[in-house]
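Each residue takes its place number in the sequence, starting with 1. Values below: every heavy atom of this structure, side chains too, minus hydrogens, waters and symmetry copies.
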Amino acid sequence: MNMTVRQMSEFLMYRYVFSGGGWYVDLADIDKHRVPVKTSDELLDALETFTRKESSDGNAALALSGGIDSAILAKFMPKGARAYTFRCVVPGIKVTDESERAQLIADICGLKHEVINVYWEDVIDVVDELMRHKRAPVHSIETQIYIAALRVKGEGFTKFIFGEIADTIYGGLHGLLSRDWLIGEFIDRYSYVMPYKVLRDYDMNLAPYYEFERDGHIDAHIFINKYFRQESLGSYYNACNTAGIEFIAPYSKTYLDTPLDYSRIRSGESKYLVREAFMKLYPNLDMPEKIPMPRPVNEWLKNWKGPQRKEFFPHCTDNMTGDQKWMVYCLERYLNME
């Protein structure tokens, strides 16, 4: 796929190419089979049904982080099932490690726990294959999901179960839900990298934002349940599909069938139904701190000089975060493959 200026700009803004040409997730097909949820009990019933169904044949493994989403699913895996935790390694630097908390959950649930270490060298080895399959640049987490999926498949499993997308559906992205946004404010807040800061030629496709504009404002929860959900699920589907293993996401088979309670989220109770569900299953455990999937891109890309191709401004990544640098790095690497 030869990327157009619009497609390059879309990837930088949304971390996903919406205007066609690459591999994509069909939300309409996914949404045909989702179960409505109003309470934490209904959520638990749905998650138990889906998880037990997919794991009952012994062919499924669980991706187990230190968070509450996958811990809930762990309760519904068969005793003795395999659970894997990803751990990114940067020699000489301490980075986020969820393996100790994951081991605790595995012990409580009677699961066999293994840690998969991910190094920068591993990431570089697999990123091109993922981009060829997706026909687009990829999210930084896709590499470690793919590395783990290859390991899980190699150990004889055909399905990989994740707790992904609970944040999106049930109000876990509290930074995006923390206030009522004017449309312009939300565009600035949500866009990962503004194309005009990076590309000499750019195309600001704002249609995804304008789709949900009402009286100059935007409902962040509705927006992310279309566009962020598509981008996030796309990362997991691409990584697992490229590895040749089935991606299973029990939360994605549900939806919130009642208005989101913004007051609870803004008072510090993000993802309140999932929190309630966790406490029902683990009444004696503290609620762990919410962290995204660890990916030490700040450390991995700290010595990167920035893009060299003519499409990019020199020094455009000098003041970027690691996640933003990855996107520019990955875009340039993809353009070099074309």
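- Ring centroid separation for the pair Tyr209 and Tyr14 comes in under the 6.0 Å cut-off.
- Heavy-atom minimum distance, Ala63 versus Phe86: CB-CZ, 4.4 Å.
- Taking 4.5 Å as the limit, some side-chain heavy atom of Asp29 sits within range of a side-chain heavy atom of Lys32.
- Remark: the backbone N or O of Leu64 is paired with a side-chain donor or acceptor of Thr85 at under 3.5 angstrom.
- The hydrophobic cluster containing Val35 also includes Phe50, under a criterion of side-chain heavy atoms closer than 4.5 Å among ILVMFWY residues, counted directly or through chains of members.
- Here salt bridge (Lys or Arg N to Asp or Glu O under 4.0 Å) pairs that include residues 231-250, with residues two or more places apart or in two chains, are Arg15-Glu231.
- A salt bridge is absent between Arg275 and Glu269: the closest approach of a Lys/Arg side-chain nitrogen to an acidic carboxylate oxygen does not fall below 4.0 angstrom.
- Aromatic rings of Phe18 and Tyr16 (six-membered ring for Trp) have centroids within the 6.0 Å cut-off, being under it.
- Side chain of Glu10 to main chain of Ser19: a donor-acceptor pair is present (N/O by atom type, distance under 3.5 Å, no hydrogens or angles).
- Side chain of Ser70 to backbone of Ser65: a donor-acceptor contact under 3.5 angstrom is found.
- Counting heavy-atom neighbours within 6.0 Å of Asp128 CG, excluding the residue itself, gives a total above 12.
- Put simply, the side chain of Thr4 gets close to the backbone of Gln7: a donor and an acceptor are under 3.5 Å apart.
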Pairs under 3.5 angstrom only: tabulate donor-acceptor contacts from the side chains of residues 159-166 to other protein residues two or more places apart or in another chain.
from   : atom 1 : to     : atom 2 : distance (Å)
Lys159 : NZ     : Glu54  : O      : 2.6
Lys159 : NZ     : Asp57  : OD1    : 3.4
Lys159 : NZ     : Asp57  : OD2    : 3.0
Glu164 : OE1    : Tyr236 : OH     : 3.2
Glu164 : OE2    : Ser232 : OG     : 2.1

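- Here CG of Leu199 is found 10.0 Å from OH of Tyr202. Values are rounded to the nearest 0.5 Å.
- Side-chain N or O atoms of Ser9 include one that pairs as donor or acceptor with a backbone N or O of Asp203 at under 3.5 Å.
- Salt bridge present: Glu129 and Arg132 bring a charged side-chain N and a carboxylate O closer than 4.0 Å.
- Under the 4.5 Å side-chain criterion, counting only non-hydrogen atoms from C-beta, Asn238 is in contact with His133.
- Side-chain atoms of Ser235 and His139 form no donor-acceptor pair, as typed in the model, at a separation below 3.5 Å.
- Without hydrogens or angle criteria, Glu311 side chain to Asp201 main chain gives no donor-acceptor distance under 3.5 Å.
- No chain of hydrophobic side-chain contacts below 4.5 Å, direct or via other Ile, Leu, Val, Met, Phe, Trp or Tyr residues, connects Val5 to Phe313.
- Tyr255 and Tyr251 sit in two unconnected hydrophobic clusters of ILVMFWY residues. Membership requires side-chain heavy atoms under 4.5 Å apart, directly or through other members.
- Side chains of Tyr262 and Asp219: a donor-acceptor N/O pair is present below 3.5 angstrom, by distance only.
- In this structure, Asp122 contributes its side chain and Tyr119 its backbone to a donor-acceptor pair below 3.5 Å.
- Among all heavy-atom pairs drawn from Gly322 and Leu301, the shortest one is O-CD1, 4.0 Å.
- Side chains of Met287 and Ile68 form a contact here, defined as non-hydrogen atoms less than 4.5 Å apart.
- Residues Val126 and Val89 fall into different hydrophobic clusters, defined by Ile, Leu, Val, Met, Phe, Trp and Tyr side chains chained together at heavy-atom separations under 4.5 Å.
- Rounded to the nearest 0.5 Å, atoms CG (Leu285) and CZ (Arg101) are 5.5 Å apart.
- Taking 4.5 Å as the limit, some side-chain heavy atom of Leu27 sits within range of a side-chain heavy atom of Leu233.
- Using bins of under 30°, 30° to 60° and over 60° for the plane-to-plane angle, the ring pair Tyr190/Phe186 lands in the parallel bin.
- Ala106 and His113 make their closest contact through CB-CB, 3.7 Å (heavy atoms, listed as atom of the first residue, atom of the second, distance).
- Between Leu43 and Val274, some side-chain heavy-atom pair lies under the 4.5 Å cut-off.
- Side-chain contact of Glu332 with Asn336: a donor-acceptor pair under 3.5 Å is absent, judged by distance alone.
- Legend: residues meeting side chain to side chain contact (heavy atoms under 4.5 Å, CB included) with Asp180, ordered by chain and number and at least two apart, are Arg266.
- Checked against side chain to side chain donor-acceptor pair (under 3.5 Å), Tyr227 has the following partners two or more places apart in sequence or in another chain: Glu211.
- What you find for Leu130 and Ala239 is that their closest heavy atoms are CD2-CA, 3.8 Å.
- Within the model, atoms CG of Asn241 and OH of Tyr146 stand 10.5 Å from one another, a figure rounded to the nearest 0.5 Å.
- Neither Leu182 nor Ile224 shares a network with the other; the hydrophobic side chains, linked directly or stepwise wherever heavy atoms of I, L, V, M, F, W or Y lie under 4.5 Å apart, form separate groups for each.
- Leu44 places none of its side-chain heavy atoms less than 4.5 Å from the side chain of Lys75.
- Looking only at side-chain heavy atoms (C-beta outward), Val37 and Tyr170 come within less than 4.5 Å of each other.
- Expressed to the nearest 0.5 Å, how far CG of Asn117 lies from CD of Gln144 amounts to 11.5 Å.
- The two residues Ala46 and Thr254 come nearest to each other via the heavy atoms CB-CG2, 3.8 Å.
- A side-chain donor-acceptor contact under 3.5 Å links Asn225 to the backbone of Thr168.
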Would Glu142 and Lys134 count as a side-chain contact (heavy atoms from CB on, under 4.5 Å) here? Give the steps.
CA-CA 11 Å; Glu142 287 179 58; Lys134 198 172 192 177; 2.8 Å; yes
Determine, step by step, whether Trp326 and Val127 satisfy the side-chain contact (heavy atoms from CB on, under 4.5 Å) criterion, reporting the C-alpha distance in whole Å, the side-chain angles of both residues, the deciding distance to 0.1 Å, and the verdict.
CA-CA 11 Å; Trp326 167 268; Val127 65; 3.9 Å; yes
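- Remark: Leu173 CG to Phe228 CZ distance equals 5.0 Å, nearest 0.5 Å.
- Nearest heavy-atom pair, Met204 versus Pro195, reported as atom, atom and distance to 0.1 Å: SD-CD, 3.5 Å.
- Taking hydrophobic clusters as Ile, Leu, Val, Met, Phe, Trp and Tyr residues chained together by side-chain heavy-atom distances below 4.5 Å, Phe76 shares a cluster with Ile108.
- Residue Asp318 qualifies as enclosed at atom CG: its count of foreign heavy atoms under 6.0 Å is above 12.
- Of the charged side-chain nitrogens involved, none lies within less than 4.0 Å of a carboxylate oxygen, so that Glu276 and Lys280 do not count as a salt-bridged pair.
- Sparse packing is recorded around NE2 of His315, with 12 or fewer heavy atoms of other residues, nucleotides or ligands lying under 6.0 Å away.
- For the atom pair Tyr237 OH and Ile30 CD1, the distance stands at 4.0 Å (nearest 0.5 Å).
- Applying the side chain to side chain contact (heavy atoms under 4.5 Å, CB included) criterion to Ile124, with sequence neighbours excluded, gives Trp120, Tyr329, Arg333.
- Side-chain atoms of Thr39 come within 3.5 Å of backbone N or O of Glu42 as a donor-acceptor pair.
- Here the side chains of Lys253 and Thr49 are not in contact, with every heavy-atom distance at 4.5 Å or above.
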Take Arg34 and Ile169 through the side-chain contact (heavy atoms from CB on, under 4.5 Å) test and state the conclusion after the steps.
CA-CA 12 Å; Arg34 297 172 79 193; Ile169 299 170; 3.6 Å; yes
Which is it for Trp181 and Ile187 under the side-chain contact (heavy atoms from CB on, under 4.5 Å) test, yes or no, and what are the steps along the way?
CA-CA 9 Å; Trp181 296 95; Ile187 291 170; over 6 Å; no
